[in-house]
Amino acid sequence: MKRYAFAGILLLLFLITHHFEKNSLANTTQIKDINKTTIQGRVSSVYGPVQNARVRIPGDEKYTLTDKQGRYLLQPTHVHFQGVKVTAGKEGWFNNAQYAGPLGRVQDIYLNPIYLNDNPDYRFISPVVCSRCHTKLTRYWDQSKMAHTTSNPKVLDMFYGTDAFQHDNVKPGYRLDNPNSNGNCAVCHAPSAAVSSPWSQDLRSVLQSPRTEWDGVSCDYCHKIQKVFPDKTKASRMAPIFERQSSPIGNSILVFGPYDDVVVPPMAASYASVFNKGQFCATCHGHFKPLGSGKTWDHSKIYSPSEWEGFGLKGDTTLPIQTTYQEWEHWQDQLSWNDPNKGKKCQDCHMSWRKDMLPYDNYIVDGGARRMWGTYRSPEDIHPHQFDGGTKIQLKTALSMEIEGKITGKKVDINVYITNTNGGHWVPTGETMRSIMMVLKVVDSNGNPLKMLKGERLPEWTGKGKVEAGNYAGLPGSVFARVLADDKGHLNVPFWRATSIASDTRIRPKSTVKLSYEFLLENPEDEPSAEARLIYRPVIRPWVKNKHWLAEDILITSRVW
Amino acid sequence: MRRFSYIVFSLVFVLTIYLPGQALAGKITGIVKVKGLRSPVDILVYVVKAPAVHEDLSKIKFTMDQQNLTFIPHILPIPVGATVDFPNNDKVNHNIFSLSRTKKFNLGSYKPGESKNVRFDKPGIVELRCDVHAEMAAYIMVLKNSYFSVTDDQGRFEIPDSKYLEQHHIKGIKNLSPGKYVLKIWHEKLKPQKQIVTIPEKGDISVEITAVRGTPGVLYK
């Protein structure tokens, strides 16, 4: 009898084990076979079905759009978690998610709308808060110029008319010329303060504020922008549309971003397509100055009709000071649909991976947050916030240079070709204090310079004095810059004094500039050589001298013939 | 007797044609010593004028790989007419292009696992770039002949480069005939250097080139 009981218990144990094993296998199979499974469901809202919502497995490259009834069919390419989560997102709505059932059916994903109730009293979150989960992203951002646009000493010196030693009355200075005006510097140099407290636009008062989110272009400032619209009243002619609000339920914070699959409790994330467009950068990377009082200037000698139109300008009453966004937009507009560069945008180059960031990371959150809320993504789907621009890394490949020479009797002809290889805008761009110089030196076999017969020489403002100290005025070469002028014909004036543009020789995207020179060769049997150096100068020499700034030249490349 | 004379004559003829190209010719071996660089690796050493390649290059595979935001190798010398494959073995998309006057092309953006190729039909320097990763830069040196070598980490080289020829399955490149040759070097951070070498009637020639940091020159002046 005992033997039968024992056999019965064994049989029972076997059956129980088998049952659990089978169920467990069934679950595993379900997950493993998810690639062959079609997930279907519906996206709805308080107003009914939501059409054109983007539905995907989080982190998946492919997504599907809902139809009029809010329905979708999804064939996931890969699944990383044991539960199959499906997310939905649409512009103007908070992202949301549901888990798929065993048969691939998902309960309705319910989307809540972003109510149009921007709260101007909202206080932006300090980047320190963001760094708790997005540690690496904020570290890269903190190392960028973007994080310190207010505390940048050169910005403060230009605003107050001081120098590196904090001496007063050192030109140029906005306040020296406009003692009672704050200007509109804060709009881009301290945007969180400019939006939150328009009376705090004096840069020092911004910095002295305990509000740490006010220095620089902070995380929460950018991620509160829902859209960007043309606005001719703004200096950049583009304005951000903010939605500073919290979710109606709980205390989560509305954050706009490029992901429609981020559904995590601390943030109420909402997909905004503008984060994947160059337009996003336009609110600050453009600067136009109306001349006012019926003043005009003749732009036809500087820009082609197409370029002028590319700046979005009509008439001659406005001065384009900074046009980085418009330069890029105009270049893109001119490209044919099948050009490999069509569709390249600011984020592709200025928010891309760098070698010092490797190995590639598949998450945008770190630490404990990664285990709780991390979404596995392709590195291609992650944009490190390094915002490289005007740095050695960017400049070394931004331009390339080639040199060729030919000896004909007593003449040496030198051609230098400079190409804007990697800039999607004109180079140099942005601030008009920047310039690029090509310095040419042609010598005989004994190292003695040859006499130049034809060709351009570098202007006075590239520096008078010793060549070894970076002064190149009068040497064979060429300079690429946008040069602002005032009514009296002074060159390289600050933008607030400018009334015209004297020249704009900057190099257009992907185009090559050919510079030709002719030198005298006394001895036709000699073997002369030529060396061309391409140098980036972040601040023009007269200002560096006045302000006692440290602004070192960067050698982009050099070539010998 | 007549048959014997015919055989002797044929033998002499064959030896006259064959021997100078083999037994009498030599290699150029040597070392490049550099000042101002961490390592003497990846320096191109090439003979300016030498017999051109008459081999069909269409079946020979040259590769410029992309891994971890880096082109591998940094300098790829190829004979004119060769085709180079550009596989993307990285984890992000790349967009390789060149705006060099030697060869202008733009492969567009393509995904990991994909590959594209380009034929280089003009001698000169081709500077490679990736449109979205500023750090990525490499050089394809399109040479007029196959008498070149890239230095190892000790700065050593050998022309013709038997390892390179074997790696790319290039056949028919004989040692250089006796005579004077102009040897040049190219590296993106070194001044151009020129040295005249004489290959003796018998044996190889060993040379030492000293290079200093400076501005690089053109391949062919």
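Every chain is numbered from 1 and lettered A, B, ... according to where its sequence line falls, protein lines coming before strand lines. A quick note: this is a predicted structure, and the numbers were derived from the prediction, not measured.
- Judged by distance alone, with hydrogens and angles left aside, the side-chain atoms of A:Arg559 form no donor-acceptor pair with the main-chain N or O of B:Thr215 at under 3.5 Å.
- For NZ of B:Lys35, the number of neighbouring non-hydrogen atoms (other residues, nucleotides, ligands) closer than 6.0 Å is 12 at most.
- Note that OH of A:Tyr360 and CG of B:Asn68 are 5.5 Å apart. Values are rounded to the nearest 0.5 Å.
- Both the backbone and the side chain of A:Thr421 come within contact range of chain B, with heavy atoms under 4.5 Å apart.
- Proximity to chain B is absent for every atom of A:Lys406, based on heavy atoms less than 4.5 angstrom apart.
- A side-chain donor-acceptor contact under 3.5 Å links A:Asn422 to the backbone of B:Cys130.
- Proximity to chain B is limited to the side chain of A:Leu358, based on heavy atoms less than 4.5 angstrom apart.
- Interface residue B:Pro216: backbone and side-chain heavy atoms are both found under 4.5 Å from chain A.
- Here the OG-CE distance, from B:Ser100 to A:Met401, works out to 12.5 Å after rounding to the nearest 0.5 Å.
- With chain B as partner, the option from A:Lys396, A:Gln394, A:Arg533, A:Arg354 having the largest number of non-hydrogen pairs under 4.5 angstrom is A:Arg354.
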*Residues B:Leu99, A:Lys510; criterion side-chain contact (heavy atoms from CB on, under 4.5 Å); working and verdict*: CA-CA 8 Å; B:Leu99 288 173; A:Lys510 307 290 177 187; 4.0 Å; yes
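- Heavy atoms closer than 4.5 Å to chain A are found in both the backbone and the side chain of B:Asn106.
- Among A:Ser558, A:Cys349, A:Gly424, A:Gly343, the residue making the largest number of heavy-atom pairs under 4.5 Å with chain B is A:Ser558.
- Note that CG of B:Asn93 is 9.5 Å distant from CG of A:Asp348, once rounded to the nearest 0.5 Å.
- In this structure, the portion of A:Glu527 lying under 4.5 Å from any heavy atom of chain B is its side chain and not its backbone.
- The number of heavy-atom neighbours closer than 6.0 Å to NZ of A:Lys342, taken from other residues, nucleotides and ligands shown, is above 12.
- The CG atom of B:Asp131 sits 10.5 Å away from the OG atom of A:Ser352 when rounded to the nearest 0.5 Å.
- A:Asn420 touches chain B through its backbone: at least one of N, CA, C or O sits under 4.5 Å from a heavy atom, while the side chain does not.
- Of the listed residues B:Lys191, B:Glu135, B:Met136, B:Lys91, the one with more heavy-atom pairs under 4.5 angstrom with chain A than any other is B:Glu135.
- Between B:Gly108 and A:Pro340 the shortest heavy-atom distance is CA-CB, 3.6 Å.
- Of the possible donor and acceptor atoms, one in the side chain of A:Glu402 sits under 3.5 Å from a partner among the backbone N and O of B:Arg101.
- Pairs of residues two or more places apart, or lying in two chains, never qualify as ring-ring contact (aromatic ring centres under 6.0 Å, His included) while including a residue from residues 400-425 of chain A.
- Neither side chain, B:Glu127 nor A:Ser400, offers a donor N or O lying under 3.5 Å from an acceptor on the other.
- Minimum interatomic distance between B:Thr70 and A:Lys355 (heavy atoms only, all atoms of both residues): OG1-CE, 3.3 Å.
- A distance-only check finds no donor-acceptor pair linking the side chain of A:Glu380 to the backbone of B:Val92 [under 3.5 Å].
- At most 12 non-hydrogen atoms from other residues, nucleotides or ligands lie less than 6.0 angstrom from NZ of A:Lys441.
- Enclosure of atom NZ in A:Lys411 is not indicated, since only 12 or fewer non-hydrogen atoms of other residues, nucleotides or ligands lie within 6.0 angstrom.
- Around atom CD of A:Glu552, no more than 12 heavy atoms belonging to other residues, nucleotides or ligands sit under 6.0 Å away.
- Of all the listed residues (A:Asp339, A:Thr512, A:Asn341), the one sharing the greatest number of non-hydrogen pairs under 4.5 Å with chain B is A:Asn341.
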